[in-house]
Protein chains: 2
Amino acid sequence: MKITARMSEQADNDLTAKARIRNAALALYADYGEDATSMRTIADAAGVTVGLVVHHFRTKDGLREAVEHHIVDLFSYAIEQAPVEGTTAAIAASRDDAVAGMLADNPAVIGYLRRAVLDPTGHRGRILEMLTRFAAEQVATLRSAGVASMVQRDSSQTIGVMVRQLGQLFLQPMVDSMWAQLAGPDADEDDKPNLVVKVQESGATGS
Amino acid sequence: MKITARMSEQADNDLTAKARIRNAALALYADYGEDATSMRTIADAAGVTVGLVVHHFRTKDGLREAVEHHIVDLFSYAIEQAPVEGTTAAIAASRDDAVAGMLADNPAVIGYLRRAVLDPTGHRGRILEMLTRFAAEQVATLRSAGVASMVQRDSSQTIGVMVRQLGQLFLQPMVDSMWAQLAGPDADEDDKPNLVVKVQESGATGS
DNA sequence: TATTATGGTATACGTTTGTATAGTCGCAAT
DNA sequence: ATTGCGACTATACAAACGTATACCATAATA
């Protein structure tokens, strides 16, 4: 069964039970964390019984593997969509846009990754590792095609891409809740300070 | 029994059982998260039985409250230590240093706050709220003493302090594990790119 | 028609969880 | 000398957990 982008926007009704379970797990893991989410809760959210979850994913670890594989697929598919044309900067920008759009369509991915990334030691999955490898491959591909900046070392460039795309999203909730507490609920959203997250080549100066 | 700063650096032997339980909980929560840490595990780490944990803290929620209260105390004590003298910039720097030193002495605090702060919706505690209020009071005190910069609005300044002190620490593990994966374990640490986390007054330009 | 695979439910298992209760020990104050 | 209280252990309990097993329905296959 082929998963199209449009399907992920449809109602759950048209999804396989297996996909519904996976989506429910992703959403609940993002909101409450894996440890605080029981397989029965996931089953209820997907409208099935626990037995079916086990039937499709065998164990809770297996379910997490499916969730993380799905996240990598979402990134991969988003980047495939971005056109490879124009200047070096234009290509990089269109890829960033494609990823940003995917994340906007799938907010649970942000929440899930936030938990996985802030928990590198205790986390039992390999999602950050997979995404890092994926980003490194992207950098390598663009470089060999001659359409990527070469002023940084490639590892720094890869980390730069990841931090730019994810770092702000991770920290934003902290700023948001502080802003809500300090400025009150009826404050002008436009006055909220902007987060800046980036990496600098070591030894570099200036912005 | 009075708790002095020097005691927190001593071996556990000299600590009250109640303090040992609280410290063990903080350390385990930081490493594995609260959900993944049972009260029996905490009791074992502190060298006591579950019953004593209940005796001192009543419930697991009570234990978390004690842990979070202790963290606020650590911040509070660290800032009390910083001298209020010299230029405005010097005062701000000495406070930042005092907090940085406290965090270096208590690395588990960073891990605990990372989980609590990046997990604002699911989190059941109020630690971010407490620290935000504390930071806001600091800004207000320094301002009324005429020793704080006034070029920003105070809420932005408060958020700026928090983000500067905590933001980089939270994201650093992500950069570290990516760097370890991309550059290999024997790479020169000095080549690792530097994280930059800050906030800008909305509408502002420049670095 | 009989068979087998697939998607699904129902129920039961052993373990671990947070919490409750009862009791022991040491020690300070009456 | 006894009482009382705080620190502490031991054990027990109900609930929730992940997982295993048995069973049912439908539809494609032989």
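By convention in this document, chain letters (A, B, ...) are assigned in the order of the sequence lines, proteins followed by strands, and residues within each chain are numbered from 1.
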Subject >> Sequence neighbours excluded - salt bridge (charged side-chain N to carboxylate O under 4.0 Å, His left out) pairs with any residue from residues 154-181 of chain A >> reply: D96(A)-R164(A), D176(A)-K192(A)
Subject >> Those residues that, when tested against D61(A), pass salt bridge (charged side-chain N to carboxylate O under 4.0 Å, His left out) (two or more places apart) >> reply: R64(A)
**OP:** Just grab all the salt bridge (charged side-chain N to carboxylate O under 4.0 Å, His left out) pairs involving residues 40-59 of chain A, residues at least two apart or on different chains.
**Re:** none
Subject >> Test side chain to side chain donor-acceptor pair (under 3.5 Å) applied to H70(B) - qualifying residues, sequence neighbours left out >> reply: R22(B)
Subject >> Given DNA chain D, 5'-ward residue of the pair R40(B) and A17(B), judged by closest heavy atom >> reply: A17(B)
Original post:
Taking only residues two or more places apart in sequence, or in another chain, which ones meet Q181(A) in a side chain to side chain donor-acceptor pair (under 3.5 Å)?
Top reply: none
Original post:
How would you label the contact of T37(B) with the nucleic acid (heavy atoms, under 4.0 Å): base, sugar-phosphate, or nothing?
Top reply: sugar-phosphate
Original post:
If you look at every strand shown and take non-hydrogen atoms under 4.0 Å, does V48(B) touch a base, only sugar-phosphate, or nothing?
Top reply: sugar-phosphate
Listed pairs under 3.5 Å, donor-acceptor, residues 47-57 of chain B side chains, sequence neighbours left out:
none

Original post:
Taking any atom under 4.0 angstrom from a heavy atom of chain A, which nucleotides of DNA chain D are the first and last to qualify, 5' to 3'?
Top reply: dC17(D) to dT19(D)
Subject >> Which residues share a salt bridge (charged side-chain N to carboxylate O under 4.0 Å, His left out) with R126(B), sequence neighbours left out >> reply: E129(B)
**OP:** Could you list the residues that satisfy side chain to side chain donor-acceptor pair (under 3.5 Å) with T41(B), not counting sequence neighbours?
**Re:** S38(B)
Subject >> Under-4.0 Å salt bridge between R115(B) and E34(B) >> reply: no
Subject >> Start and end of chain B contact along DNA chain C [non-hydrogen atoms, under 4.0 Å] >> reply: dT17(C) to dT19(C)
Subject >> side chain to side chain donor-acceptor pair (under 3.5 Å) partners of Y112(A), counting only residues at least two apart >> reply: E68(A)
Original post:
Quick one, which residues of residues 56-66 of chain B touch DNA chain C with a heavy atom under 4.0 Å?
Top reply: T59(B), K60(B)
Original post:
What does S38(B) touch in the nucleic acid at a heavy-atom separation under 4.0 angstrom: a base, only the sugar-phosphate, or nothing?
Top reply: sugar-phosphate
